[in-house]
Structure formats: structure tokens, C-alpha cells
Amino acid sequence: MASGAELIRKVKEQIEEIDPKDVHELGRNGNGAVIVDVREQNEFDEAHLPGALHVPRSYLEQRIEGAVSDRSKRVILYCQSGNRSAFAAQTLKDLLGYEDVASMRGGITLWKDRGYEVEVPRRLTPEQRERYSRHLLVPEVGLEGQLKLLDAKVLLLGAGGLGSPAALYLAAAGVGTIGLVDNDVVDLSNLQRQVAHSNDRIGMPKVDSAEISIHEINPDVKVEKHPVRLGAENIMEIIRDYDVVVDGLDNFPTRYLLNDASVRLQIPVVSASILGFEGQLSVFHPYEGPCYRCLYPTPPPAELAPSCGAAGVLGVLPGVMGLLQSVEVIKLVTGKGDTMAGRLLLYDALGTTFTELKVRRDPDCPICSRDPDSIADDEMGVFPDYEAFCSGAG
Ligand SMILES: [Zn+2]
């Protein structure tokens, strides 16, 4: 029976060993080779080679095909000191049919001794690990998705019916920066649906009231307040730095303005609207799906625009629609799932029906058929301004 040391020596004779210097010369993208770390999760999390994939040796047989499906590809394995990766290399070569496998001599220890750079992955604090533990358990979110959420900047247009549930749940989900655009104050008649506000905050600016509620749920969230009305003069400055815009606007002309600005800046907009017992939802992802103007080349007649007066709405409905918007935001940020880009969802709360319509880009769209840089300032939101539009409604 061979001793452990003899066995290691024998295995190393049967496989190719490669010096860290030669791995380093391949560069971060491996120059056609795949670099795989076969250590345990906690070791990988401490530090690893830049660009390395992670397949722990204990899961090698089950997971290597997921990481490297092409068996003719050059695969360079490494571990802490070069022994575990030697065994792993033998397994790949002799048992799994990988044709071009090498083990890095001396492992990451020798790599570091040579002064080569390692990558230290970002980590969550113990408190964040606990706060987001249910996200970490979902493979589609996980650590990677949670870090993306924490880095994300999401702008809510309106801190009212749609913006309230979106603000609360996106804060709870760990969206790192939430911007709020609203120049209104909390009114008693808002509280039937605008759950980010409360009785004792009547009269307070909605952005301040929503900020309090956001921080009560998650003090980590950075809140950026814009207590202004969105207009042609400020829209580009306000939305420019955000990754996703959540449209809870209650008027059509500003929607056109928002559309034109978001196409120019190529920022996806998650849009919803509500009236009575009916809600609509879509995602306008510039150049990946239709824009708002592709769907609605012209605004509806002013007398049909519900935004101009006080329109009735079931109090729960904006909750449903605002949360559907929040789900779309999380998918856009994490890059997982299929968003509503190119689809329009109609929700009828009275009949409890969800209807989906396909919507397509208009090749002649006055805005998104063109290059974003060719859209001029004076073309943006070219529709009657809100007051003129609404006065027409009588
Ligand atoms: Zn368009």
C-alpha cells in the first residue's frame, strides 16, 4: 500500500503540471484556457486567481461539465498548494475525458509568493447576510444578485400609490439607492392606498415621509430626494444616474417626456398605470423592446385622460401593480428571468383576469427608430404641456 506522499508523487507523474509564471502569462481571460479553483467555498471566498471559475473538488464530477462543457478546451486547475488540484486533474483526464488538463504547481500559495495579484470577492456584512438570507437561498438572486441590488440605483417617479409599495419592497430587498421624485405633500385622501405615508405625516412632503418609511425598513438604503415636478428642464439631470426608472406618473404628457429622455439615456423604464379596478404594466427597455411611443404614438383625447381630475381607484390596486413593477426592477437589476419588455399586461381586479398582449417596436417610431444621440432637446416630450392638455378636458 502506497503512503499518501507516494501516491501524490505518482499522480503528479501522470499529469501535466504548469508553473504559476506560465499561468500568469495567460492573463485574466486565460487566453483560451479555463482556470478552475478546486478548493472549498470558504477558501475561494478568501481570495482566488483573477477570473478563475470555482468548482470544489468535492463536487468536481457533478459540476465540471456545467463550468467547462467543451472537453477539448485547455483546463488549468489549482488549489492551495498543488496537491488537490493534481488529483482533480487526474480525475478530469482519466475518468471524465478532458483532453488538455494541467495542475498549477504550488497552488495559490506559490502564486502569491511570486507576487501575482489575487481577487478578493466582495462580501456581505454578518448583518446583511442575515437580512438577505432568504435571497441568498434563491439561486437566481444569491450573493451575486444581492450585490447587484445593493449597487443598484432605482428612481421612483412619484411617491404615491404605485411608488409607495415599490419604495417599501425595493428597500426591503436591499436596493442600495432609491431616488424619489415627488413635489406633493401627504394628504388624508392619499392614505387609502399610499402605504409609505401615515396619519401623523399629513402635510409632510411625500419624499420626506417615504424616506422615513424606507429607513424604518432598511437603514442601509440611501435615499435621494427630488422634491420637484418632472419637466423638460430637469428630467435629463434627474434620471441620468439611475439604472432603472419606475414610472408611477399620473399624467400622459410627462410619460412622453420620460420616454424620450429614457430612450436618449438608454435607461429601462418599468411603467404601470391604474384606474378603477384595472391596471396595466410594461417594461420599456430602449432598443431591446418597444418604447412608450411605439405603443401610443399619440396621447388619448384629453377628456379620456383620467389624470386630470380626481379619478377613483381601488385602494389595493396600486399595491398589486407597484409590486409587479418591483419584481420587474429586480429582474432588470439581477439580469434574471424575462422582463415585460415587448409585452403589456392588463389586470382586471374585478374579474381577476390577467391578459397579456404582445407589443412590438415600431420601425417608424419617431424616437426609438433613431440613434439616441440624434434626439434633440426640443423634440423631447413634444406634446401639449400638462396644463394646456388638461384644460382641454374641461
Ligand atoms: Zn419607439
Side-chain angles (χ1 to χ4, degrees), residues 153-158 162 166 179 181 230-275 278-302 304-307 321 324-325 327-329 331-333 335 337-347 355-386 388-389:
K153 298 186 74 176
V154 176
L155 182 67
L156 308 183
L157 299 184
L162 294 163
V181 179
L230 210 57
E233 69 290 352
N234 59 18
I235 188 164
M236 293 291 279
E237 261 335 290
I238 289 176
I239 75 171
R240 184 183 300 282
D241 290 331
Y242 290 92
D243 303 312
V244 183
V245 173
V246 178
D247 171 14
L249 293 170
D250 57 1
N251 69 80
F252 288 99
T254 315
R255 281 210 157 135
Y256 287 100
L257 181 66
L258 168 66
N259 179 69
D260 303 347
S262 63
V263 171
R264 263 178 81 169
L265 296 167
Q266 300 181 55
I267 301 171
V269 175
V270 181
S271 183
S273 59
I274 47 170
L275 183 65
E278 289 173 14
Q280 289 193 6
L281 175 85
S282 194
V283 170
F284 300 109
H285 201 156
Y287 302 102
E288 296 198 10
C291 77
Y292 189 74
R293 281 190 197 265
C294 293
L295 256 72
Y296 304 103
T298 54
L304 294 182
S307 55
M321 301 312 292
L324 286 171
Q325 286 181 293
V327 176
E328 296 303 304
V329 169
K331 290 191 296 181
L332 285 164
V333 168
D338 296 316
T339 71
M340 286 296 295
R343 295 183 285 161
L344 178 68
L345 181 74
L346 309 175
Y347 170 51
T355 310
E356 190 182 301
L357 305 175
K358 280 249 174 301
V359 285
R360 291 195 172 79
R361 277 182 77 182
D362 175 1
D364 299 320
C365 173
I367 293 296
C368 81
S369 68
R370 296 157 54 196
D371 190 70
D373 295 329
S374 73
I375 303 163
D377 278 353
D378 58 5
E379 286 181 88
M380 296 212 323
V382 277
F383 274 101
D385 80 28
Y386 185 50
F389 180 73

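Residues: numbered from 1 along the sequence shown. Counting starts at 1 for both ligands and their atoms, following the listed order.
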When rounded to the nearest 0.5 Å, the distance separating CD of E328 from NE2 of H285 is 11.5 Å

CD (Q325) and CG (D247) are apart, to the nearest 0.5 Å, by 7.0 Å

Problem set entry | Polar side-chain atom of S262 near backbone of N259 as donor-acceptor pair, under 3.5 Å | yes

Smallest heavy-atom separation, M321 atom then A272 atom, equals CB-CB, 4.3 Å

Output yes when R293 and D362 qualify as a salt bridge under the 4.0 Å nitrogen-oxygen rule, no when they do not. no

Within a strict 2.8 Å cut-off of the Zn ion (ligand 1), protein N/O/S atoms tallied 4

Q. Should we say atom CG of D371 is surrounded by more than 12 heavy atoms from elsewhere, each under 6.0 Å from it?
A. yes

